[in-house]
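Structure record follows, encoded as structure tokens.
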Amino acid sequence: MALKLNTKYAEGFVTKAQETALLAEAKTAAAKLDAGDCLGNDFIGWRTLPTTYDKEEFTRIKAAAKRIRETSQVLVVIGIGGSYLGARAAIEFLGGRFYNDFADLKVYFVGNSISPEELSAVLRLCEGKDVSVNVISKSGTTTEPAIAFRVFKKYMETRYGKAEAAKRIYATTDKARGTLKELSTREGYETFVVPDDVGGRYSVLTAVGLLPIAAAGFDIDRLMQGAQAGQKKFDAADENDSNRYAAIRNALYRGGKKTELYVSFDPAFTMFNEWLKQLYGESEGKDGKGIFPASVIFSTDLHSMGQYIQDGERTVYETFVSFGTARDDVTVEKTAEDFDGLNYLAGKTLSQVNATAMQATILAHVDGGVPCMVLELDAMDEENLGELIYFFEHSCAVSGALLGVNPFNQPGVEAYKKNMFRLLGKPGY
């Protein structure tokens, strides 16, 4: 396990003086974060979470995950934003996009939209199968998951009866107050805690993410070990890769590169890209500032977005995430007739071809005026994932400080809610 940041493909777009100046700012910001002397310091509990997490609750999470796997064929996870993206990103990172097609326990996510088709489809998928539910909400009143839970609470109680349903419903919520906590106490649901000092988009290493990840069959001990390694490496006011990444992306931003594309050549990274877009978009996009987060999966999107990236407006830079070892590989075989002209690849693995395609893409994009950075990991496993999560969380906090914003609040998220409540006729709006 060794995450490394390769910045050589961005060096022609940032002067050494700019990098040195921004790195000095990043180190100062990291020192303030470490001391708790930063904007939003009420929400920096994630910073030491890999080492200070609640060990008793961690044991209960593993026991609950084991019970879910033993008693259920389906786990329905209800949540939105940080209560959804982190867990799904981790499960697909570790198990691939087709995880549910191979798994003994299917994990379906609802409450992340208000689509009736989506909710109805998951209800149909539950037919004839034993089901558990993990509802995740700090308050219990967020509209999208609250609607989904209202539907699934009725479904579970109709199917199993109230007493048995209560054994199959797990609530991840506030430790002491709120609608969902009060309901859980009254109904007898086992509860897990959304910590007061950890915001939703930073919560994947709390029960918010750990219970679904463990229930899906992945090793959360190794996940936390990777995060601990990340904390040790990056939670410091020195020239580590987290601070360098924050410095260079801000230098690029100040030089007119307003959009960051997160890129992987593995489709299993798709949902991790979505988590990154929330992490950075919600943390940095405020006060009229912010690097716009977008994402692509290559080589698929090279046939759709590649033209724009190569020749479009020069306001884009890319952050690639690459993996050294594939879980499975395929070798191209030689054919006698060479009907498709691919015999020149005979004997090569798809991993080799994929890595070559990535290298060729980076070289082409740099030549086209697109700076590129590359995060290199050993493999797509729990320890590398834990370190990667911590890397991005820490760098996001430092980067937000360089932008001069509070990276831990999200005041703009409330605007649409007020309009929606008013239009739907909610009392008080």
Side-chain angles (χ1 to χ4, degrees), residues 1 3 46 49-50 61 65 75-103 105-113 118 134 136 144-145 172 194 198-220 222-224 226-227 230 260-283 293-298 300-301 319-323 327 375 377 379-397:
M1 180 185 65
L3 184 154
W46 57 269
L49 194 62
I61 288 170
L75 172 64
V76 176
V77 181
I78 301 174
I80 195 169
S83 299
Y84 151 64
L85 284 169
R88 185 170 176 184
I91 289 170
E92 293 196 12
F93 180 102
L94 296 169
R97 288 194 301 163
F98 304 115
Y99 163 82
N100 275 337
D101 294 321
F102 298 100
L105 178 76
K106 319 294 184 187
V107 182
Y108 299 117
F109 293 87
V110 299
N112 48 74
S113 77
E118 189 91 355
N134 177 206
I136 307 169
E144 294 90 343
T172 307
V194 180
V198 179
R201 57 190 177 275
Y202 290 85
S203 68
V204 62
L205 297 176
T206 72
V208 170
L210 293 176
L211 179 56
I213 294 166
F218 300 109
D219 190 336
I220 59 173
R222 290 184 61 207
L223 181 71
M224 295 304 281
E260 178 171 23
L261 280 176
Y262 301 109
V263 185
S264 176
F265 271 71
D266 195 316
F269 203 72
T270 300
M271 288 307 301
F272 198 96
N273 276 341
E274 295 302 307
W275 176 74
L276 285 172
K277 283 151 69 173
Q278 184 198 8
L279 178 66
Y280 281 88
E282 201 168 61
S283 296
S295 66
V296 287
I297 294 294
F298 290 157
T300 303
D301 291 331
T319 297
F320 288 74
V321 183
S322 70
F323 310 97
R327 283 186 288 259
L375 279 167
L377 282 79
M380 297 184 80
D381 60 20
E382 288 92 339
E383 289 178 271
N384 278 276
L385 175 60
E387 184 174 349
L388 186 66
I389 288 169
Y390 194 88
F391 168 86
F392 277 120
E393 288 180 344
H394 184 269
S395 189
C396 182

Flag, side chain of [X] to backbone of [Y], donor-acceptor distance under 3.5 Å:
| X | Y | answer |
| --- | --- | --- |
| R327 | L94 | yes |
| S395 | F391 | no |
| E92 | M271 | no |
| S203 | G200 | yes |
| K277 | P293 | no |
| N384 | M380 | no |

Return the [atom1] to [atom2] distance between [X] and [Y], rounded to the nearest 0.5 Å.
| X | Y | atom1 | atom2 | result |
| --- | --- | --- | --- | --- |
| F320 | F265 | CZ | CZ | 6.0 Å |
| I213 | L385 | CD1 | CG | 7.0 Å |
| D266 | I297 | CG | CD1 | 7.5 Å |
| I61 | T172 | CD1 | OG1 | 7.5 Å |
| I389 | L49 | CD1 | CG | 11.0 Å |
| H394 | Y202 | NE2 | OH | 10.5 Å |

- Message: Classify the ring geometry of W46 against Y390: parallel below 30°, tilted from 30° to 60°, perpendicular beyond 60°.
- Response: tilted
- Aromatic ring pairing F392/F272, orientation class (parallel under 30°, perpendicular over 60°, tilted between): tilted
Closest contact, heavy atoms only, [X] versus [Y]:
| X | Y | result |
| --- | --- | --- |
| P145 | G79 | CB-CA, 4.1 Å |
| F323 | V321 | CZ-CG1, 3.7 Å |
| P212 | A207 | CD-O, 3.9 Å |
| V296 | D301 | CA-OD2, 3.3 Å |
| A87 | V208 | CB-O, 4.4 Å |
| I78 | G111 | CG2-CA, 4.3 Å |

- Task: For this output row, return yes or no: ring centroids of F93 and F218 closer than 6.0 angstrom.
- Result: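 No.
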Report yes if some heavy atom in the side chain of [X] is under 4.5 Å from a heavy atom in the side chain of [Y]; otherwise report no.
| X | Y | result |
| --- | --- | --- |
| V263 | F269 | no |
| L377 | E387 | no |
| L210 | L223 | yes |
| S295 | L276 | no |

- Using a distance-only test with no angle check, is there a side-chain donor-acceptor pair under 3.5 angstrom linking E260 and T319?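 Result is yes, a qualifying pair exists.
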- Using only heavy-atom distances, determine whether the side chains of R97 and T270 contain a donor-acceptor pair under 3.5 Å.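 Looking only at side-chain atoms, T270 and R97 do not form any donor-acceptor pair under 3.5 Å.
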- Determine the sole option in E393, E282, Q278 for which the side-chain hydrogen bond (donor to acceptor under 3.5 Å, both in side chains) test with R201 is passed. E282
- Message: Assess the residue pair S264 and N273 against the criterion (side chain to side chain donor-acceptor pair (under 3.5 Å)); give the C-alpha distance rounded to whole Å, side-chain angles, the decisive distance to 0.1 Å, and a yes or no.
- Response: CA-CA 9 Å; S264 176; N273 276 341; over 6 Å; no
- Query: Does the side chain to side chain contact (heavy atoms under 4.5 Å, CB included) test come out yes or no for E118 and V110, once each step is laid out?
  - Reply: CA-CA 8 Å; E118 189 91 355; V110 299; 5.5 Å; no
- Go through I136 and V77 one step at a time and tell me if the side chain to side chain contact (heavy atoms under 4.5 Å, CB included) criterion holds. CA-CA 7 Å; I136 307 169; V77 181; 3.7 Å; yes
